[in-house]
Structure formats: C-alpha cells, structure tokens
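Accompanying notes for the structure given below.
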Protein chains: 2
Amino acid sequence: MPINSFTDYPMSWKPDRDVLKRPFYLSLASLLEHDIINGYLAPGTKLPPQRELADFLDVNFTTITRAYKLCELKGLIYAITGSGTFVSPNAARSITISKDRISKECIDLGFAESFEQTNSIVAEAAKKVMEKSYLEQLFNYNEPTGIVHQKAAALNWMRAFGIHANTEHVAIVSGALNALTIALLALFEPGNRIAVDKYTYANFIEISKSLRVKLVPIPGDEHGMLPHELEQQCLQWGVHGVFLMPSCGNPTTVMIPDYRKKELAAVIRKHHLILIEDDVHAFLSAGITDDYGQPMYQLLPDQTVYICSTSKSICSGLRVAYMVFGDAFQEKIMRAIFNINVKTSSLDAEIITELILSGKANEIVAKKKQLAQSANLLYTELFPQPLHTGHPLSFYRWLPLPDKVNGSQLESYLLDKGIRVFHSDRFLSGAGTPDNYLRVALSSTNSLEELKRGLEILKENLRLYCG
Amino acid sequence: MPINSFTDYPMSWKPDRDVLKRPFYLSLASLLEHDIINGYLAPGTKLPPQRELADFLDVNFTTITRAYKLCELKGLIYAITGSGTFVSPNAARSITISKDRISKECIDLGFAESFEQTNSIVAEAAKKVMEKSYLEQLFNYNEPTGIVHQKAAALNWMRAFGIHANTEHVAIVSGALNALTIALLALFEPGNRIAVDKYTYANFIEISKSLRVKLVPIPGDEHGMLPHELEQQCLQWGVHGVFLMPSCGNPTTVMIPDYRKKELAAVIRKHHLILIEDDVHAFLSAGITDDYGQPMYQLLPDQTVYICSTSKSICSGLRVAYMVFGDAFQEKIMRAIFNINVKTSSLDAEIITELILSGKANEIVAKKKQLAQSANLLYTELFPQPLHTGHPLSFYRWLPLPDKVNGSQLESYLLDKGIRVFHSDRFLSGAGTPDNYLRVALSSTNSLEELKRGLEILKENLRLYCG
DNA sequence: ACATTTGTCGCTTGACATTTT
DNA sequence: CAAAATGTCAAGCGACAAATG
C-alpha cells in the first residue's frame, strides 16, 4: 500500500487503480489512450510524473515509464526529461492533409495544388505518347525502376537544378510521398530518429509516425535549420537522419541559402547522418535566386537520398518522382522499391519524359512561375509582409497570426465562412512552443479571381476573429 | 566470473566476450547479425540456449533474450519455446522477387508475368481515353481514391467475382503490393501477428518483415489452410489477422473451395481476425470452377480487406488495384492511402476503366485464359501430375522435387543452364520442415515455343541434377 | 553552482508456458 | 506423466542524464 493518500493531491490524471488488470503497463496505456482520444485529457496537459503516479498506483515507477512509452510511440504524448510528460498537440486527430472533397461553396486555400491550369499541355503530350512505336512495351512488367531513356530524361531535367549522376543511381517512383516511404523503409528502423524543422511536411510526420520513426525538431531561423542546433541534437540523442526541403520549406517557405547548405552538410558529414532531401521546389529556386548553389546531394552524394517529384513542377496527377542516391544506398532502395511498388507506371513516366524532352515541361514551369508571381503579388497586397520573407514564388504562404488562437477552432471558424486553410499545429513535428501561423495555399483555386475573393474573405474574418 | 570454463563445450556460436561493449544486448545483437550475414552461421544452425550463452558471457539470461529478440525482429533468427533458437532459412539473402534484368539468353520461368501478348488491346484503349472530354481532369489532384465512375466500373468488374459493395467502400490504389502495404500500415501494428500459409507470396513476407509484422505459418492441405490449425494458433499466440489468396494461392496454386472458405470464415469471425484477401486470381476461378462460391469478403464484410489487382487479369504495367472494405476500416485505410500515395494515377485507372466498360477487358481475360490453358497443357505433358493438382489455369506451377536439394544451389545451377526458376525456400513464411518445390512460371515467356523450350531444358537438367 | 525533479535505459529477478525427453 | 530444457514476459532495481529553479 502507498504510504500517503493522494485523493486530494492535484494530479491531472488519476486512473482508477481498480480497473487495472495485469499486465499493468498495457492496461494503463490503453486507459491513457482512451482518456486522451475521448478528450478527458486536453492537448498540452501535463501528466503526473512517473514516480508520483507510481506511488499513487502502488507500482514501480518504471512500469509507468513503460505505459507512457507505449503512448508516446503512438504519438499521443511526449516526454521531456526534467520537465515532465505532456499530451501531444495533435493527439486526438490526424493531421493528414489531403484533397478530400469539401463543400462546393468553399474556397480551398488548404491543400496545396499546383496551378492546374497547365494540364492541357500535359494532355497534348499524352496524345503524343500514344504514337510511340514502343507504346505496348509501356504496359508490361519490364524495368521496374524506369526505362533507361526515361531515367536519362530525368537526369536531363534535374541537371538544371545542379544534379549530376548516372542512370544507375536514379529510380522512378510514384510520387514524392511514395519516395519518402521507400526511403524511410529502406534506410531507417523503427525507433530511429530523424531531425526535422520544427514545422515540416505534415504527411512526412504521419508516415514517420506510422513507421515508428521518431522526429527530432531542430530550431531554425529565416535561412532554415540551424547547424549548431542540429549538431547539439546529434550529440544529445542518437540522430540517424535529417529531412530537409532546401528549395522551399513546406510549410514555412524558407529557402536555405548556399552558405547554410554547406554548414549543414558539414554537420551531416561529421555525424554520418542520412539526408533525405525533398527538392520538389527546385524548379522554383534553381537559377532564380543568387545564392542557390546546388542541391545538398552534390555536397553529400554518399549520404543523401535526393527526391525530386514532378507533381508541383509539371503535373500532379501523373504520379512520378525521381530518386537519386549513392552506391551505399542503391541496393536497399532498390529492394524497397520492388517490395512496395513492384514498379511505377511506365506510361505516367513516359508522358513526363515526353514533356521534358519536348521542352513543354519548361513551358509549363514558366507558366506556373508566372501564375505564382501574380498570386504572390495578390497576397502581398492584402497581407503586407517584410521584404524577403520566405520564398518569393512559393505556392503557399506562411501567415503569422496576430494573437494566440486555438488552431482547430480557427480552422472550423474559417471553414464555416467558406475558406479552408491549415493552422500551423498541423505541421508541428514535435513538442515546442506552439506558435500561430496559417498556411495559405495560393495554387489551388481555379483562377486568380477566386484566389482574390478567398484572400479577402480570409482577411476580413481574421480581423473579426482575432479582433 | 563464470564458474565453469566453456572453452571446449560444443556451442555453435561463441562470441568473443572481450569485444562486447555496453549495452551488451545491442553489441551482442550486432555481432550475431554480422556472423549470420557473413555466413559464419549457416541457416538452420541452432544457437546456444539463452541461459547457456548467458553463463558463458557471464550476464543474465534475459540479456541474451533481448539480443536474440532484436535479431528475430529483423528476421535473422527464429525461436521456438522448448526447442531453441535457430538461424532463419532466408536470413542471409533477400527473397524479394522482381523482374530485374537477367541475361538475354536466359528463359525466365521465375518472375511470374501475365502473358503480355494482350497489350495491344490496352494500347488501343489508351488511345480511346485520349479522346475523352474530361482528359485534362485526369491530370490533377482530385479524387485521391479514384473518380466515382472509375469506382463504379471497378465494382462492375468485381461483381463477376461475387463482390457486392458501394463506391464508398472502394478505393483505387497502385497495384496489389501497394494495397498490401496500405492494409498492413492501416490495420496492424509492429509486433502484430498474421496467419499465413506455410508457403506464401514472397513480397508479402518481405513487406511484413520490414513493417515488423510477424507471420505465423499455418499448415494446410490440398484445399488450403486448415481451419482447426488456424484456430489452434489463434489460441496459442495472439493472432491479429490472416492473409489468404483463395482463388489461386501463390506459389502453391491451391484454390480454396467454398466449404473451406466457410469453415475458415467461422474461425476468423470467432477470433475477430482481420482478413486480408488477395484475390488477384479471381478472374481465373469465378464462374469456372463449380465450388467457387464467393469471395470471403462477402462472408465477412466487416472484417475483410478485399484486394483485387488488375495486373494479372488485364494489364501489368498500369498499376491499378481495387481495395474493398467495410465501414470499420474505411477511415484508417483512407488515411493510409493519403499518407503513402496521396493518390493513384487517374490516367492509369481510366484506361483500365475504359477496358472494363468497353468489354475489352473480358476479351483480354479470355485470351489469357486460353494462353494459360495451352501453357498448362504443355507443362502437364512434360511434368505429368495427378489430376486436380492445384488450379487448372494457374499462371505458374508448383513442382515437387524428387530429392532433397539445396534451394539456392539448384537455382544457380539452372540459371547456368539458361533457366530461371524459384525454389520453394523463397516462399517460406517461417520456420518449418523445408520441403522442396520449384515454382515454374508459365506466363513470362514471349511465346509458347519459348516456354516449351524452357520446360524441356528444365526437365532435362532436373534429371541430371537430381539423378 | 548545486540540489531537485523528472524521464531514460540496461540489466536482473522470478513467474510462467511450451516442448522435449 | 513428470521432469528438464528452453524461450517469454512483466515488473523491479539502480545508475544516469537532462532540465529546472
């Protein structure tokens, strides 16, 4: 029996010790999960310290450790040595971001599409592919990682971004997320840690969670992740990898300048980290900004998986992404591709190839950049921001909120007013001071007029909501 | 210090205690992994019992438990309470089966393709799709799980196999393997157990391994998995799911008759298992064999994920598979799809849709069945087998070997003679008496003549090899 | 600067289940 | 059938590391 009675001790969570069945830790964990999912424990709540709860329940404190650990693995809570254990901000709901159907009336500034007005050019290319003499061969099992001429076109495409490799080190997969899943499965194990920006790609957070890969948020500034902070976390935790989007961070629109890339590369090299470089926005940065330099793959070819999706730059509906990697990763990545894809549609890859080789892809990019410029101009007029805040051509913007607001409440409030946007909480990679931003997609409306209307409604309602 | 000296005790593995660093269990596990990967410990070797090795190394026996456990999770070893711990049959090499390039001279009876002679029909359908008024809309982000009319066509297609559902419970994904990955990620957790046939789909074994889902092999007879054996394993271990290919098991060609489906369904219902039903071969069985009945999904709609790929039946290069599921799984599966695919190529799905709606898909199926019949006839002439051995139209056959042979040796011997086939070891889902079979694909050669030549070479060389 | 709070981790203990003999 | 061999698992112990005040 415990020595003291805790009945009126201020503990945030007092599980009923009578309902606990053996094994205690499992029973306790599912009790905790239940209470979080059902909202009895609000996000951010500090749970009782392990020793205290252990005393209360009259078990050893490491039994509590185990129960907490289970819930932490599921992403329900997080623990900070020295300060305590807390309910996760996104514990109760999924942060998965997708293009699911929302009401017709609603203007979608949430899910970031890619100015789909250019798809007529894609349709033309598709028709051209139908005339190829080798059309039939696109429908069989051959060449699971892409046909050689498709890989050559891929390299041709990526050369503009500064990628130099040979076809042996390229694979064609079914989109960026597919590439990320492959990279995580091939190169990491459950329990491994990957350093990420504090705010990062929401679907990457979700995949990591489901593959039990832990994310370690690293502070950054306006030029991206801070090298010394990364270094410190490497020393502190055993960090195995880093995930970066150097050309234009999602959702923060941060572009990492060349000097910072080099500093980060030095840390990554020193600590033998695996870099996952998601360069979907390379086409927005290479050759435009002065200090672009080159992808980090070129600085660390043996430690990097470079991922370049064509969803944003060329066409979103054709699921094509290129993976570039060094010798050390080749076998593992190839095996993962066979295991989870068998192959990627050669037809999709061929249409992208046709677009690249015919020069139409560049035409599309030029158009999209132009649309992005207009959209950003519109945005800046309504939401003035300091010069050089983030990427100038980003397909979405990162809007600081004037006040401390509740993320999901604000989202529903705005949805009710006919606007879908995403609050920063959805992009939170781990514990941390919950700042307040909105990610506002500029690339998902059918026209600039619709975008303008959407932004105006957003502005007006933010004024009303935040006062 | 240990009391006894074990220096000349017959232990199969004597790690050097001096190279062990703390933490012991990690150090020991990587030592063991190294010795297995490098072949110092052959597959099947019995490792020292935990207590014995613990004594030898002067640590507690549960420290050995943990080290062994780690290696077991990686699939390197397996343990049987009461008998001991053993090196896995497939520890050192991957059993991933893919269409990687093999020499031109070689006749491929290994990787099972699907009579690719029908792809000209697919090419025609693709051209038809180019004329659709809504072509451009196939290239955007909309409808991540498939456009409604595509889902309707999917249901139309599967109705012939006995599937009845509505479009809300269907999703279009990128091939069967993609569907399996989604199902495993959505519905299972690391450490969960899934019951499978002793010999099962090799890539499923590999995905399970990488997602840390354990497979429990269940004995079967000529009509498939034995219900009472499944029941017994459910009681013994905590089994969470079952994986079945009822229409034509890969690699065994076993077709589960209706009475057996019902018996199995009863066990699955009783133990609340999740059934993953891979019905890629439905088109070969529905309406052909008398005792087909219906898919198990119809018997257990709330506990089943039904997967129907069009790779074998219609076209392998267009990566399309249909998933059908009940309400209980819908949300989890949808979320997993958004997380790992974002979406599947609408273009690929549309071409398949066109093939189905125009009736060309049935034409393709008829042709493939005809080719399969001829191929099976050829096979039976050269390798006589008892009547009613497995599925009569299977795209591959399961050839019992006359003698106890080494699997990978035989594979290389035959490869050397210009024939690629896969030995049964590649399909082994867990520990078990290693029988000897070859899976001989009948559907991967460019012509029946090539197949005949291949089978003749195979027969002749098996005679020479097995004596 | 230092003690306190708090979480982490590896190892040990002992009860237990299964298989073999 | 009982005893021995063997692997499994939950819980406890204690050293340690990080954050707080």
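Here is how names work: the chains are called A, B, and so on, in the same order as the sequence lines, proteins then strands, and each is numbered from 1. In this text the structure is predicted, and so the values were computed from the model without any measurement.
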Task: From CA spacing to verdict: ring pair (Phe, Tyr, Trp, His ring centres under 6.0 Å), B/Phe204, B/Phe243 - done: CA-CA 9 Å; B/Phe204 184 73; B/Phe243 171 71; 4.0 Å; yes
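Rounding to whole angstrom units, CD1 of residue B/Ile64 and C1' of C/dT12 are separated by 13 Å. Rounded to an integer number of Å, the gap from CG of A/Leu53 to C1' of C/dT5 is 16 Å.
For the pairing with A/His240, the side-chain contact (heavy atoms from CB on, under 4.5 Å) check across A/Val213, A/Asn192, A/Leu187 returns one residue only, A/Asn192. Considering A/Leu76, A/Ile37, A/Thr85, A/Ile77 in turn, A/Ile77 is the only one that fulfils the side-chain contact (heavy atoms from CB on, under 4.5 Å) rule with A/Leu32. Applying side-chain contact (heavy atoms from CB on, under 4.5 Å) to A/Leu28 and the options A/Val19, A/Leu20, A/Thr63 leaves one that passes, A/Leu20.
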Task: B/S/- contact track for nucleotides 5-11 of chain D, protein heavy atom under 4.0 Å - done: -BBBBSB
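Taking a cutoff of 4.0 Å between a charged side-chain nitrogen and a carboxylate oxygen, B/Asp35 and B/Lys14 do not qualify as a salt bridge.
For B/Asn60 (side chain) and B/Thr62 (main-chain N/O), a donor-acceptor pair under 3.5 Å exists by modelled atom type.
Nucleotide D/dC13 forms a pair with C/dG10, judged by Watson-Crick or G-U wobble geometry with both contacts under 3.5 Å. Using N1 to N3 plus N6-O4 or O6-N4 for Watson-Crick, or N1-O2 and O6-N3 for G-U wobble, each under 3.5 Å, D/dC1 pairs with nothing.
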Which pairs, protein N/O on one side and nucleotides 1-4 of chain D N/O on the other, fall under 3.5 Å?
none

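Under the 3.5 Å distance criterion, with hydrogens and angles disregarded, a donor-acceptor pair is assigned to the side chains of A/His271 and A/Glu231.
Using cut-offs of 30° and 60° on the angle between ring planes, the pair B/Tyr40 and B/His34 is tilted.
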